[in-house]
Number of protein chains: 2
Amino acid sequence: MELRHIRYFLALAETLNFTVAAKRLNMSQPPLSQQIADLERELSVRLFDRHSRSVALTAAGQVFRRHAEAMLAQAQQAADEVKAIDRGTTGILNVAATSSVLFSGLSTAIAAFKAENQNVEVIIHELSPKEQIERLELHRVDACFLRFAPEEKNFLVTRAWREKVGLIVPPGHRLASRKSVRIASLRDEDFVFYRLPDSAFATHLQSLCVQEGFAPRIIQQVVESFSVVSLVSAGLGIGFVPETVGRNSAAKVKYLDIIGSSPTADVHSLMRNDATALARRFVAFTTH
Amino acid sequence: MELRHIRYFLALAETLNFTVAAKRLNMSQPPLSQQIADLERELSVRLFDRHSRSVALTAAGQVFRRHAEAMLAQAQQAADEVKAIDRGTTGILNVAATSSVLFSGLSTAIAAFKAENQNVEVIIHELSPKEQIERLELHRVDACFLRFAPEEKNFLVTRAWREKVGLIVPPGHRLASRKSVRIASLRDEDFVFYRLPDSAFATHLQSLCVQEGFAPRIIQQVVESFSVVSLVSAGLGIGFVPETVGRNSAAKVKYLDIIGSSPTADVHSLMRNDATALARRFVAFTTH
DNA sequence: TAGTTCCATATGTAAAACCTATAGATCAAG
DNA sequence: CTTGATCTATAGGTTTTACATATGGAACTA
């Protein structure tokens, strides 16, 4: 049985006239008779009663008609849906990000993307950078968003958006009244830092300090920017955080711009080379 | 798109190897590559990623797979169901009958048939003989059951089962103590009769009386045997009824066998010439 | 009875599905 | 780095089959 038989069957079931059905199918009548006969022979069931001057569906034919319509509809839907997937206008998108990146604008970007793409479902995976990369390789997620991307891997890396890094200090700290600060002046401070060597961001910040002539005294290592805020707020030390996190945090900390060599915490997106059109569209959407 | 493409696609989706899939499909590898490529070209979507040494479904391919499986399942189910319909082991059967025929055994026959054919649904239409014939012609019912069948029509007529006709009289009637009676002795009685000339049964009974030398004095005409019982029970007259009706009625009447020329009320089934296998099976089932 | 309509059959043609052979590409092993 | 093995794509020829034209046969109509 082929879909051709189904199409022919339905045309005949609707017209109940071989000649008319053949015309509608842009073919001549004999091959239509042939193909219908072939279909009936394969099923070993008569689908049409051919009488003197009338063609009618048998009981079996009536039942077959319902199935035939369903099959053609399914084929049509399959083609439509597959094309939508290919265009990236429908489907499920697994996005991995750290909580601070979600906070820095990714959440709102996701909301906006979903609003523009009603047929897209976005699943957010809040993961550490290391886990993000692992799951990207395993096809568990389609796109990752993190501050510093590893360069060795065979991924598509894009800088999604720029973001400055600033300093946060607890209330009452000697720098709390300042608006900005140079890194060189932080030589004697206690630092809440990102975990070394996991975090490329941490390595970046550390090397910046070294360029300014000192090794930061790290009294605590954490994974998330929000944890830096928490510990700084509690008075354990000072720390570097992305600007959006430092300025908009609910916790009581003072945010200072860094002047001179200003570090960045630009957000980067990662995709596999075989990324779907949906993933590519989303990454393009978030890039500005 | 043809079902062939679907079958090939699924074989490849399962094996992820052109060579192996082709072997499973009993064909060589090149035409399989061709057909998959044709399918992809028609959809204008890549369904498989062919890499160095691996074949994998794309996101679109994964979605297409679900549709493909549904289509093949639908085709299989269509074939199975159509064959079942053709065998008459499944489907909907519309049966028309008079209430007295239902009472005379058709009800229990329907119950038994349904028990043996779990996939058959039987819809009972309780109709007068005249309406039965009309609906049979209109394809509204598939089989009719009545006592006397018209012979002119181009229907398949079968005698389903035999049934004698007897006489019922009210309690206290002069014949109430008799076990049997001759028609000739009913010359001076008042009769509750079936409607003339609608009922072939009525015509038959009337002519029997005439053969015995008198025209029955008809004081009331009704349609149903049960109505004859009701009126006779009320003392309006005597009447002929099928044996099962006369003997098993809840109303208070006396049933007498008829000796000499004994009339019959044999139940006949009617089908159209284009009757379905299900209708034929049911009629065969009820014939004994 | 003649004409018309409509489906089935017969026969030839064109399309396309398939096969064999082979090229091209990649990976594993020597 | 080279050789062999493995796997898919392409090329060219063959077979199958879907299709078209022509025609036969049955039934309804005028």
Side-chain angles (χ1 to χ4, degrees), chain A residues 1-58 60-61 64-65 68 71-72 75 137 154 272-274, chain B residues 1-58 60-61 64 68 72 75 137 154 272-274:
Chain A
M1 196 194 308
E2 295 295 337
L3 284 183
R4 170 171 28 84
H5 295 116
I6 305 302
R7 286 186 279 267
Y8 293 0
F9 169 86
L10 281 178
L12 183 56
E14 284 168 25
T15 61
L16 294 177
N17 180 314
F18 280 80
T19 312
V20 175
K23 198 162 296 175
R24 182 201 285 192
L25 292 165
N26 295 315
M27 64 193 293
S28 58
Q29 167 264 318
L32 177 59
S33 293
Q34 258 316 99
Q35 296 292 315
I36 296 292
D38 288 350
L39 177 60
E40 289 179 323
R41 179 144 26 81
E42 181 176 349
L43 295 170
S44 20
V45 173
R46 276 196 97 63
L47 299 173
F48 293 96
D49 277 328
R50 290 87 151 164
H51 278 118
S52 52
R53 216 171 178 74
S54 69
V55 175
L57 279 168
T58 62
F64 192 76
R65 182 178 188 170
M71 288 170 69
L72 276 204
E137 280 176 335
N154 202 17
R272 289 183 304 278
N273 288 319
D274 68 350
Chain B
M1 197 195 308
E2 294 295 337
L3 284 183
R4 169 172 30 84
H5 295 117
I6 305 302
R7 287 186 278 266
Y8 293 179
F9 168 85
L10 281 178
L12 183 57
E14 284 168 25
T15 59
L16 294 176
N17 180 314
F18 280 80
T19 313
V20 174
K23 198 162 294 174
R24 182 201 284 193
L25 292 165
N26 295 314
M27 64 193 293
S28 60
Q29 168 264 318
L32 178 59
S33 293
Q34 260 315 99
Q35 295 292 315
I36 296 292
D38 288 350
L39 177 60
E40 290 179 322
R41 180 147 22 83
E42 182 176 348
L43 295 171
S44 23
V45 173
R46 277 196 98 61
L47 299 173
F48 294 96
D49 276 329
R50 289 87 150 168
H51 278 118
S52 50
R53 216 172 178 72
S54 69
V55 174
L57 279 169
T58 62
F64 192 76
L72 276 204
E137 281 176 335
N154 201 17
R272 287 184 304 278
N273 288 319
D274 67 350

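Per chain, numbering begins at 1; letters A, B, ... match sequence-line order.
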What integer distance in Å separates [X]:[atom1] from [N]:[atom2]?
| X | N | atom1 | atom2 | value |
| --- | --- | --- | --- | --- |
| A:Lys23 | D:dA20 | NZ | C1' | 15 Å |
| B:Leu25 | C:dC19 | CG | P | 10 Å |
| B:Gln34 | D:dA9 | CD | P | 10 Å |
| A:His5 | D:dT17 | NE2 | P | 11 Å |
| B:Met27 | D:dT14 | CE | P | 20 Å |
| B:Asn26 | D:dT16 | CG | P | 16 Å |
| B:Phe48 | D:dA9 | CZ | C1' | 16 Å |
| B:Glu2 | D:dT17 | CD | P | 14 Å |

Tell me whether the side-chain N/O atoms of [X] come closer than 4.0 Å to OP1 or OP2 in [N].
| X | N | result |
| --- | --- | --- |
| B:Asn17 | D:dT6 | no |
| A:Thr19 | C:dC7 | yes |
| A:Gln35 | D:dA18 | yes |
| B:Arg4 | C:dA17 | yes |

* If each of A:Leu32 and A:Gln29 is mapped to the nucleotide of DNA chain D with the nearest heavy atom, which maps nearer the 5' terminus, i.e. the 5' end? -> A:Leu32

For the side chain of [X], counting heavy atoms from C-beta on, which of [options] is nearest?
| X | options | value |
| --- | --- | --- |
| B:Ser28 | D:dA9, C:dC19, C:dA17 | C:dC19 |
| B:Pro30 | D:dC19, D:dT10, D:dT8 | D:dT10 |
| B:Val55 | D:dC19, D:dT8, C:dA8 | D:dT8 |
| A:Asp38 | D:dA18, D:dA9, C:dC7 | D:dA18 |
| A:Tyr8 | C:dC19, D:dT8, D:dC19 | D:dC19 |
| A:Ser33 | C:dA8, D:dA18, C:dC6 | C:dA8 |

* Asked: Between B:Arg46 and B:Ala60, what is the shortest heavy-atom contact and its length?
  -> O-CB, 4.2 Å

* Asked: Any idea which heavy atoms bring B:Met27 and B:Leu32 closest together, and the distance?
  -> CE-N, 3.7 Å

* Report yes if the side chains of B:Arg4 and B:Asp38 come closer than 4.5 Å at any heavy-atom pair, otherwise no. => no

* Asked: Is any side-chain heavy atom of B:Thr58 closer than 4.5 Å to a side-chain heavy atom of B:Glu40?
  -> no

* To do: Ignoring hydrogens and angles, tell me if any N or O in the side chain of A:Glu2 forms a donor-acceptor pair with the backbone of B:Glu2 under 3.5 Å.
  => no

